[in-house]
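Order of the sequence lines sets the chain letters (A, B, ...), proteins ahead of strands, with each chain counted from 1.
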There are 2 protein chains.
Amino acid sequence: MYRIGELAEKLSVSTDTLRYYEKHKLLAATSRADNGYRLYNEEALRVMQFIIRAKGVGFSLNEINGLLSIKIDKASHSCADVKSFTEQKLTQVNDKIAELQCFKGSLELLVAACCGGEEEATHCSILSALENVDAINK
Amino acid sequence: MYRIGELAEKLSVSTDTLRYYEKHKLLAATSRADNGYRLYNEEALRVMQFIIRAKGVGFSLNEINGLLSIKIDKASHSCADVKSFTEQKLTQVNDKIAELQCFKGSLELLVAACCGGEEEATHCSILSALENVDAINK
DNA sequence: TTTGACCTTGGAGTATACTCCAAGCTTTAT
DNA sequence: ATAAAGCTTGGAGTATACTCCAAGGTCAAA
Ligand SMILES: [Zn+2]
Ligand SMILES: [Zn+2]
Ligand SMILES: [Zn+2]
Ligand SMILES: [Zn+2]
């Protein structure tokens, strides 16, 4: 059994994070020592690794909560459930990327239009573009 | 002069948003009517359009605050200032896109690996991948 | 005059994921 | 014995951008 600090160290997360996850029903300590200290077993370690990996592919803690309920009772869920869950996330990510690509395109236009010199910004094309409706697409 | 509701309507934002921007020093009402109502002039309208456009290219309200201070006193700033500000934002956006592309790639692998059938999720490759360190890169 | 639409304020709530703090107990080492 | 390190709790703070609410004043029309 690991104490909270040991598990945190092993996973490179903070003890605060572990307590935060417990408070938010993602992962409870396996048990408590006589002195009240949290104790975690190997399974808890694996669950934390699951959470960390799920975060690594973009799932939010809330979504991970959903994944964990499925993981806990796999027999009550189908591959279709898991796959559509993941596809939804992918769609979300794609939407966000599209939005950022749009920002990127506009910002590149702005950067390209500005001389970047040390003179006064009174003639700056970036500011003009943001001031005038049309300037940005010119 | 526009009352808050008129300006909000014209710009397709909520009156709450306008009050929020005032509270956060982005745009104060031009003046107040005798009854205490906020009044906005054409310049305020243009400033709001500036804010909206700046949001449209990805700037946060905090960053827009910075842009507005430059806009208000262009003579004290250079094109270099504005350009580097914009370039920083672009870098930030690019970083975020890269992170999301990474999520996207992983999610696509996961989706591709899962059969998506109606059987029990006990054999689901998505869950296995999140459970095992190595499975995700296989 | 009364109704409805519009305005005011301060403050709380939402979502996300922690991070930090105070006050205090436990354990280990010196 | 005492200090340092580690643990406990509840709760506040951070960043972002609103959104909603209550309680109440204002204004124009019927
Ligand atoms: Zn220039
Ligand atoms: Zn410029
Ligand atoms: Zn399957
Ligand atoms: Zn599957």
Side-chain angles (χ1 to χ4, degrees), chain A residues 1-40 44 48 50-68 88-89 92-93 95-96 99-100 103, chain B residues 1-40 44 48 50-68 88-89 92-93 95-96 99-100 103:
Chain A
M1 301 288 259
Y2 310 105
R3 272 175 305 153
I4 194 168
E6 291 166 346
L7 187 66
E9 167 99 351
K10 216 172 181 78
L11 294 163
S12 303
V13 302
S14 72
T15 56
D16 272 325
T17 296
L18 255 7
R19 288 191 206 96
Y20 179 84
Y21 287 179
E22 179 169 311
K23 193 183 290 181
H24 290 75
K25 312 288 178 189
L26 280 148
L27 174 65
T30 310
S31 61
R32 292 292 180 123
D34 292 343
N35 56 17
Y37 287 13
R38 286 172 180 82
L39 294 174
Y40 298 87
M48 266 306 291
F50 181 97
I51 293 172
I52 290 167
R53 270 175 231 127
K55 271 175 62 70
V57 301
F59 286 110
S60 69
L61 294 188
N62 208 347
E63 289 160 346
I64 291 171
N65 232 323
L67 286 172
L68 284 173
Q88 271 179 43
K89 186 71 207 179
Q92 216 178 92
V93 167
D95 290 351
K96 190 70 188 169
E99 187 190 14
L100 290 172
F103 290 165
Chain B
M1 302 288 259
Y2 309 106
R3 270 174 306 152
I4 195 168
E6 291 165 346
L7 187 66
E9 166 99 352
K10 217 174 181 78
L11 295 163
S12 303
V13 301
S14 72
T15 55
D16 272 327
T17 296
L18 255 7
R19 288 193 206 94
Y20 179 83
Y21 287 179
E22 179 169 311
K23 193 184 290 181
H24 289 75
K25 312 289 179 191
L26 280 148
L27 174 64
T30 308
S31 61
R32 291 292 179 123
D34 293 343
N35 56 19
Y37 286 13
R38 288 172 179 81
L39 294 175
Y40 298 87
M48 266 305 291
F50 180 98
I51 293 172
I52 290 167
R53 269 175 234 128
K55 270 175 62 72
V57 302
F59 287 110
S60 70
L61 294 189
N62 209 349
E63 290 159 345
I64 291 172
N65 234 323
L67 286 173
L68 285 173
Q88 269 180 45
K89 185 71 206 178
Q92 213 179 92
V93 167
D95 289 351
K96 189 69 188 168
E99 186 190 15
L100 290 172
F103 290 165

Worksheet item: Rounded to whole angstroms, how far apart are CG on Leu18(B) and P on dT9(C)?
Response: 12 Å

Worksheet item: Over how many whole Å does the gap from Asp16(B) atom CG to dT8(C) atom P extend?
Response: 11 Å

Worksheet item: Base, sugar-phosphate alone, or nothing: which one does Arg3(A) contact when heavy atoms must sit under 4.0 Å apart?
Response: sugar-phosphate

Worksheet item: Looking across every strand, which nucleic acid part, if any, lies under 4.0 Å from Lys23(A) by heavy atom: base, sugar-phosphate, or nothing?
Response: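 Base: the residue Lys23(A), judged by heavy atoms under 4.0 Å, touches a nucleobase.
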
Worksheet, complete the sentence: Heavy-atom closest pair (Ser14(A) atom, Ala8(A) atom, distance to 0.1 Å) is C-CB, 4.0 Å

Discussion item. Give me the atom names and distance for the closest heavy-atom approach of Gly58(B) to Glu63(B).
Written reply: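 Between these two residues, the closest heavy atoms are O-OE1, 4.2 Å.
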
Worksheet item: Can you find a side chain N or O atom of Arg38(B) that sits less than 4.0 Å from OP1 or OP2 on dT9(C)?
Response: yes

Worksheet entry | Leu61(A) and His24(A), any side-chain heavy atoms less than 4.5 Å apart |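 Counting from C-beta outward, His24(A) and Leu61(A) never come under 4.5 Å.
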
Worksheet entry | Start and end of chain B contact along DNA chain D [non-hydrogen atoms, under 4.0 Å] |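 Answer, 5' to 3': dT16(D) to dC27(D).
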
Practice prompt. Count the heavy atoms belonging to other residues, nucleotides or ligands that lie under 6.0 Å from CD of Glu9(B), then report whether that count exceeds 12.
Written response: no

Worksheet item: Does Glu99(B) come within less than 4.0 Å of Lys96(B), counting only side-chain N to carboxylate O?
Response: yes

Worksheet entry | Leu26(A) CG to Thr17(A) OG1 distance, which is reported to the nearest 0.5 Å |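 OG1 of Thr17(A) is found 11.0 Å from CG of Leu26(A).
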
Worksheet item: Which residue lies toward the 5' end of DNA chain D, Asp34(B) or Phe59(B), if each is placed at its nearest nucleotide?
Response: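 Upstream on the strand: Phe59(B).
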
Worksheet item: Considering heavy-atom distances to DNA chain C, does Asn35(A) or Arg19(A) have its closest nucleotide positioned more toward the 5' end?
Response: Arg19(A)

